[in-house]
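Reviewing the structure listed below.
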Amino acid sequence: MSRYSGRHSVLHAGAFVAPMIPLAILAARYDDSPYDKGSPVGIVILWIVGFVISYSLIVVHELGHWLAARCTGLEISDITIGHWRRLVSFSIKGVTANLRAAPSSGYVTLKPSLNMYSAPRMIVFLLAGVVAEGCFIIAIACTVTAPDNIHSFGDMFVAFCLINIVFVGGYHTLLNLRPVEGYVGGDKVPTDGLQLLRLWKFRRERPAQCEFFRELQQVNSLCREGRFADALEIAYPLVKRHPDSIDLWQGIGALHQQTGELDKTEAIWRELITRSGMNACKLAELLDNLSCLPLYYGRTHLLAEADAWTNEAMRHAPNAITLKATRGGVLIELGRIDEGLRFLSEAIKRSECPEDQTMGAAFMAKASAAKGDHAEARRWLAKAQALNAKHPLVKRITSELSPVRS
């Protein structure tokens, strides 16, 4: 998931309202208004039940994808149920499961593999969600009979659950089959229908995509071994064949960063932000990358530009919490401590990303030291070191604050 896309408030609100829409359907279906059979407490109970049904339908859908992946040789790295803020996260047999606060959508993330370029495998995988949810809805509709009339809260409860399953489940199915991009957890992601459409549209390019992926695997393998110079030797011929790939050029910049060639990194990323036609999230990401160079490596001559870069990035992605951490760090480096602390506090409170947490803790240590609170500075520095002692920012600030630690 991109760290630079924003939240989608309409879906947040809709997810909390949707479980009650079946009450309006009931009122139209039955002569005796269902509101007359339910006390305020009963209405709240029905809302909670509708909320649980919404989550359950998403679970059924995503489990359909998971089962199809197991059967077709695809690997899943994580499953997310819901939208908006993450409530809880846990791991089951190497798969991370995330539960979010608004039951409006969900997704599964595949681990990159050559099997992803097999059209039959991907078709089975993409259709499995709506098939599983559709079978569940049909099974419930065939086994549960709606009452002819509502005579009690129990009748209302049965009718409400049945209509909720059919209505919400039907909506999920239609939404997933539409070839559009939707929002999940604050990020734009393609629906199953859009991914199926792309499989068809780019079917002739699949062999070339598969070969491109094989070469990227070589680069990634060398990076995991710490052989960044060797990875560059493979990456440059690759980017010559795909000169318009912004992601590939961005990765080459990151490889130069790992080899200590920061001037080359800066030059590549500067050129990328001048390219036209780039989407807002990608531009915000590149501006953030550039802004981190003075923060991570003490390149103070870039701080004035980093101030402008982070401001521009936040205009393109105003709700991207990761930018708050970077912006806060730039302000701390510029001596605008109180202003920077506001950004850092928000990033530490809301970000789910370890990188943001590490940056936030390191700069909170520097800010505390600047305000003369050495005990607080030591506490934040210890937290940053516990998160990632090898991070270049943590190393730099640890060195700067060495008198504070003693």
Side-chain angles (χ1 to χ4, degrees), residues 3-4 6 253-254 257 260 262-263 265-274 280-281 283-351 353-385 387-388 391-405:
R3 295 158 58 204
Y4 299 89
Q257 182 181 2
L262 299 180
D263 288 337
T265 299
E266 181 186 336
I268 290 170
W269 289 348
R270 278 183 182 275
E271 190 277 329
L272 288 178
I273 63 173
T274 64
C281 291
L283 181 55
E285 182 181 348
L286 286 166
L287 289 166
D288 185 46
N289 290 166
L290 275 167
S291 302
C292 286
L293 289 177
L295 303 184
Y296 289 3
Y297 304 102
R299 295 166 71 86
T300 54
H301 64 282
L302 295 177
L303 279 174
E305 286 183 287
D307 186 21
W309 287 332
T310 50
N311 270 324
E312 184 181 352
M314 292 182 71
R315 285 197 298 273
H316 290 296
N319 293 313
I321 194 62
T322 191
L323 293 176
K324 304 293 178 69
T326 309
R327 178 67 181 156
V330 169
L331 292 169
I332 296 297
E333 290 292 334
L334 290 171
R336 294 154 63 180
I337 305 298
D338 291 334
E339 191 179 351
L341 284 172
R342 289 196 293 273
F343 283 100
L344 290 173
S345 298
E346 185 178 359
I348 290 171
K349 180 180 178 181
R350 291 182 48 207
S351 178
C353 175
E355 179 86 4
D356 298 339
Q357 292 292 328
T358 301
M359 178 183 287
F363 276 116
M364 288 294 282
K366 184 165 184 173
S368 299
K371 293 173 78 72
D373 191 342
H374 298 318
E376 188 71 357
R378 285 192 291 270
R379 185 178 74 83
W380 280 112
L381 188 58
K383 182 174 181 179
Q385 291 169 335
L387 286 165
N388 187 356
H391 195 288
L393 174 64
V394 176
K395 288 181 178 180
R396 182 175 73 81
I397 291 184
T398 298
S399 176
E400 288 181 10
L401 299 186
S402 54
V404 174
R405 298 172 60 212

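Everything numeric here is computed off the predicted structure, so don't read it as measured data.
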Could you tell me whether the side chain of [X] and the main chain of [Y] form a donor-acceptor pair under 3.5 Å?
X    : Y    : answer
S402 : S399 : yes
T265 : G253 : yes
Q357 : S351 : yes
T398 : V394 : yes

Quick check for you: to the nearest 0.5 Å, what is the distance between [X] atom [atom1] and [Y] atom [atom2]?
X    : Y    : atom1 : atom2 : answer
K383 : I348 : NZ    : CD1   : 6.0 Å
Y296 : I397 : OH    : CD1   : 10.5 Å
E285 : L290 : CD    : CG    : 11.5 Å
L381 : R379 : CG    : CZ    : 11.5 Å
R270 : L302 : CZ    : CG    : 6.0 Å
Q257 : W269 : CD    : CH2   : 4.5 Å

Close side-chain approach of [X] to [Y], heavy-atom, < 4.5 Å:
X    : Y    : answer
R336 : D307 : yes
I273 : L283 : yes
E355 : H391 : yes
V330 : F343 : no
T322 : M359 : no

Nearest heavy-atom neighbours spanning [X] and [Y]:
X    : Y    : result
Y297 : P392 : CE2-CB, 3.9 Å
P294 : L303 : CB-CD2, 4.1 Å
W309 : S291 : CB-OG, 3.2 Å
A384 : A362 : CB-N, 3.7 Å
A370 : I337 : CB-CD1, 4.1 Å
A367 : L341 : CB-CD2, 3.6 Å

The single option from R396, R327, R299 that satisfies salt bridge (Lys or Arg N to Asp or Glu O under 4.0 Å) with E333 is R396
Are K349 and E346 ion-paired here, with the side-chain N under 4.0 Å from a carboxylate O?
->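 Salt bridge between K349 and E346, a charged N being under 4.0 Å from a carboxylate O: no.
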Evaluate side-chain contact (heavy atoms from CB on, under 4.5 Å) for K371 paired with D338, printing each intermediate quantity in order.
-> CA-CA 10 Å; K371 293 173 78 72; D338 291 334; 3.0 Å; yes
Check: D288/T326 side-chain N/O donor and acceptor closer than 3.5 Å = yes
Regarding S368 and D373, is there a side-chain donor-to-acceptor distance under 3.5 Å anywhere?
-> no
